[in-house]
Amino acid sequence: MNIFDLYLEKIKKILLDLSKDSNLVLPENLDGITVETPPQKFDSDISTNVAMFLSKINNKSPSELSEILIEKIKKQDELIENIVFAKPGFINITFKPIFWTKFVEEIINNSKTFGVNQKEKKNNYLIEFVSANPTGPLHVGHCRGAILGDVIANVLLFNNHKVTKEYYVNDYGNQIINFTKSVYFRIREIIFKEPFPSENDDLYPGDYLIDFAQNIIDSNKKVDFSDFEKNTDLLTTASVVEALKLIKKNLKSLGINHDNFVSEKELVKNQEVEGVINYLQKNKFVYKGKIKAPAGEDEKNWVSRDQLLFKSTDFGDDKDRALQKSDGAWTYFASDVAYHKNKLDRKFDFLINILGADHAGYIKRISSSVEALSGSKSKLLCKVSQLVKLIKDKKPFKMSKRKGDYITVDDLINEVGKDATRFIMLNRSSDAELDFDFDNVIEKSKDNPLYYVQYCYARISSVFRHIDQDLDTEIKVDKYDFNYTRDEIDILKKISEWPKCINLSSNKLEPHRIPTYLYELASLFHSYWNLGKDNPEKRFINDQKKISTDKLVFLKAISNVIKSGMDIVGVSAPKKM
RNA sequence: GCGCUUGUAGCUCAACUGGAUAGAGCGCCUGACUUCGGAUCAGGAGGUUCUGGGUUCGACUCCUAGCAGGCGCACCA
């Protein structure tokens, strides 16, 4: 139950009734009317801007309008205790305690589905995320986008949408050739005792390649590795397999699980790139031409040549984009267009791409291609995850592949743990850069918002332990007839915002709202808990080691929401810490 | 130079897709411990929301012109 939607509908109905009697003029569109929680200092439960919204068109002041509205609303609803006008034009409603009792009953009876936006149209999503090059282990830089994508998928799933999680494997192109050569040199190092050519900047120097090399040697005992050219295919495939094994292991340790891995090489092999380019050519989106040098570029260094171009300028891009390299191979962009055609052919309602900040400039051209292919840009939603600034010893920590000086997902999980990594990476809006202070996260774990929320759940569990119940067992209540106090209603109000939090997180693809929400809820709970020190009435368990039913279901409602939220974020909710 | 993005308390960040007197944490100051588990809580100080204009009953939010940081800008991926 979403009480804000409920009252929004009620108010709209009243407005329509009033306009029928020609007491009220309504604009065509009523979308600007909102029902929301007022700031805490206003001592009421929900609030609406309807009087301000209609003030101008009716040529009446909000206070005049509110008189009529207040009367109507009050007459229709016996659950309202108080309804008042508040400057500059809000109508504030306070409910009787019975309203909140019914609300709790609703939650307890629908513990699994509370928060789900039931009325929303259910869509079929494809979300592509991580898609890191299969050339080595994931590092911290990949983490944020990975977690962002995973949690967006979780929110959508929670909201009853269908979601397919996909990883695009860039196993085609120069990088893969260089990567394979690097593995080959490691193989030679092992077999022929030749030193690795570490001065070659095109090669991947990381030590993990030694393991790859050893694994490839072990599983290809009969192969003669003295000649690279003879074994190129085998080496390429085997190297990518090794890298993917490592990446999948990293993803698993982060709690991430993709449904599909789509290979770029396969797309090229299946002629899907030719297919999509022919299709675009027929529709006049592809031509042979030259690209101009960028404004900042020195003309002398610019080599202009004819090449196959996609007309992304038709869709607002700065310049048209190359599809084919001079050696005839497809560009990364070309096969990515094919990949997006492939996605479109699978008939999803929406495609979501999670990109790193360094790829943000790429959005325009890929969305242009989707527009050209489908006639609709809105199908593709791109979400950029900004950089993570690592801080170690109070100083920014720069990663350098050359020096082998970078922090891998393994390092992160070993030092910080999966739960804290997920919670902190998600805690901020993905649009903003994020400071990740190692020393802070590792040493002073009590300052970590994750523990603050988990502690709330653990405290609730401890109450249930004291009365020999398990938090997970269902509660049966014969009659809901309680009288919650304002302290308790403040928490219930927060809980009533949970469906809204889910709504915003899923519709705006902004899952950082969930940790923020959980923190706020936990904070209210901790405050309430401490009231019990001075006031025995506020304690959950009384002198006879019993708990009253109202408090029992109250706790159950809170823990329900915390658990749902933690599940979506993908972190544990321990009963003991 | 162009594009994208960010700018909110000393620091790190929220702010319900335009609402009320802009909120948290850290840090600083004061208080609550033989704890229904203190990994907690209560209180205090701290703001021209980068700047100038505009739209609006109402702007951190939208438009516009700047300033500052980040990222990107060839056939890399």
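Only this structure's heavy atoms are used, side chains among them; waters, hydrogens and symmetry mates stay out. A note on names: the letters A, B, ... follow the listed sequences, proteins ahead of strands, and every chain is numbered from 1.
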request  = Evaluate whether the aromatic ring of Trp529(A) and the six-membered ring of the rC36(B) base sit under 5.5 Å apart, centre to centre, with an inclination under 30°.
outcome  =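 Ring-base stacking flag set for Trp529(A) and rC36(B).
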key: Tyr362(A)-rG72(B) aromatic stacking (under 5.5 Å, under 30°)   =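 It does not: the two rings, one from Tyr362(A) and one from rG72(B), miss the stacking criterion.
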Short side-chain to backbone donor-acceptor contact, [X] and [Y], under 3.5 Å:
X         : Y         : value
Thr48(A)  : Thr34(A)  : yes
Thr331(A) : Ala322(A) : yes
His526(A) : Tyr455(A) : no
Asn353(A) : Glu128(A) : no
Asn49(A)  : Phe53(A)  : no

Base of [N], side chain of [X] - is there a donor-acceptor contact under 3.5 Å?
X         : N       : answer
Asn49(A)  : rG19(B) : yes
His359(A) : rA77(B) : yes
Lys41(A)  : rG23(B) : no
Ser47(A)  : rA20(B) : yes
Lys500(A) : rC16(B) : yes
Asn178(A) : rA77(B) : no

Within the 4.0 Å heavy-atom criterion, would you say [X] contacts the bases, only the backbone, or no part of the nucleic acid?
X         : result
Gln386(A) : sugar-phosphate
Lys545(A) : nothing
Thr516(A) : sugar-phosphate
Phe42(A)  : base
Ala86(A)  : base
Lys551(A) : nothing
Leu387(A) : sugar-phosphate

Side chain of [X], heavy atoms from C-beta onward: which of [options] has the nearest atom to it?
X         : options                   : answer
Glu433(A) : rU40(B), rA77(B), rG69(B) : rG69(B)
Pro38(A)  : rU12(B), rA20(B), rA39(B) : rA20(B)
Ser527(A) : rC57(B), rG37(B), rC41(B) : rC41(B)
Tyr455(A) : rC41(B), rA39(B), rA77(B) : rA39(B)
Pro39(A)  : rG72(B), rC41(B), rA20(B) : rA20(B)
Lys319(A) : rG37(B), rG3(B), rA74(B)  : rA74(B)
Tyr452(A) : rA39(B), rC41(B), rG3(B)  : rC41(B)
Glu36(A)  : rA24(B), rU17(B), rA77(B) : rU17(B)

Is there a Watson-Crick or G-U wobble partner for [N] with both distances under 3.5 Å, and if so, which one is it?
N       : answer
rG46(B) : none
rG27(B) : none
rU56(B) : none

task = Using the test side chain to side chain donor-acceptor pair (under 3.5 Å), find all partners of Asp490(A) that sit at least two apart in sequence or belong to another chain.
result =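 None.
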task = Inspect the contact between Lys575(A) and Asp470(A) and indicate whether a charged nitrogen and a carboxylate oxygen are less than 4.0 angstrom apart.
result =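 Yes, charged N to carboxylate O under 4.0 Å.
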request  = For RNA chain B, find the residues of residues 420-432 of chain A with a heavy-atom distance under 4.0 Å and give them by number; none if there aren't any.
outcome  =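 The answer is Arg428(A), Ser429(A), Asp431(A).
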ask   = Is the Tyr452(A)-Phe525(A) ring centre distance short of 6.0 angstrom?
value =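 Tyr452(A) vs Phe525(A): aromatic centres not under 6.0 Å.
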Could you pull out all donor-acceptor pairs under 3.5 Å where a side-chain atom in residues 422-436 of chain A meets a protein atom, sequence neighbours excluded?
{"unit_1": "Arg422(A)", "atom_1": "NE", "unit_2": "Val569(A)", "atom_2": "O", "d": "2.8"}
{"unit_1": "Arg422(A)", "atom_1": "NE", "unit_2": "Gly570(A)", "atom_2": "O", "d": "3.4"}
{"unit_1": "Arg422(A)", "atom_1": "NH1", "unit_2": "Asp150(A)", "atom_2": "OD2", "d": "3.2"}
{"unit_1": "Arg422(A)", "atom_1": "NH1", "unit_2": "Leu254(A)", "atom_2": "O", "d": "2.6"}
{"unit_1": "Arg422(A)", "atom_1": "NH1", "unit_2": "Gly255(A)", "atom_2": "O", "d": "3.4"}
{"unit_1": "Arg422(A)", "atom_1": "NH2", "unit_2": "Asp150(A)", "atom_2": "OD2", "d": "2.6"}
{"unit_1": "Arg422(A)", "atom_1": "NH2", "unit_2": "Val569(A)", "atom_2": "O", "d": "3.1"}
{"unit_1": "Ser429(A)", "atom_1": "OG", "unit_2": "Asp431(A)", "atom_2": "N", "d": "3.2"}

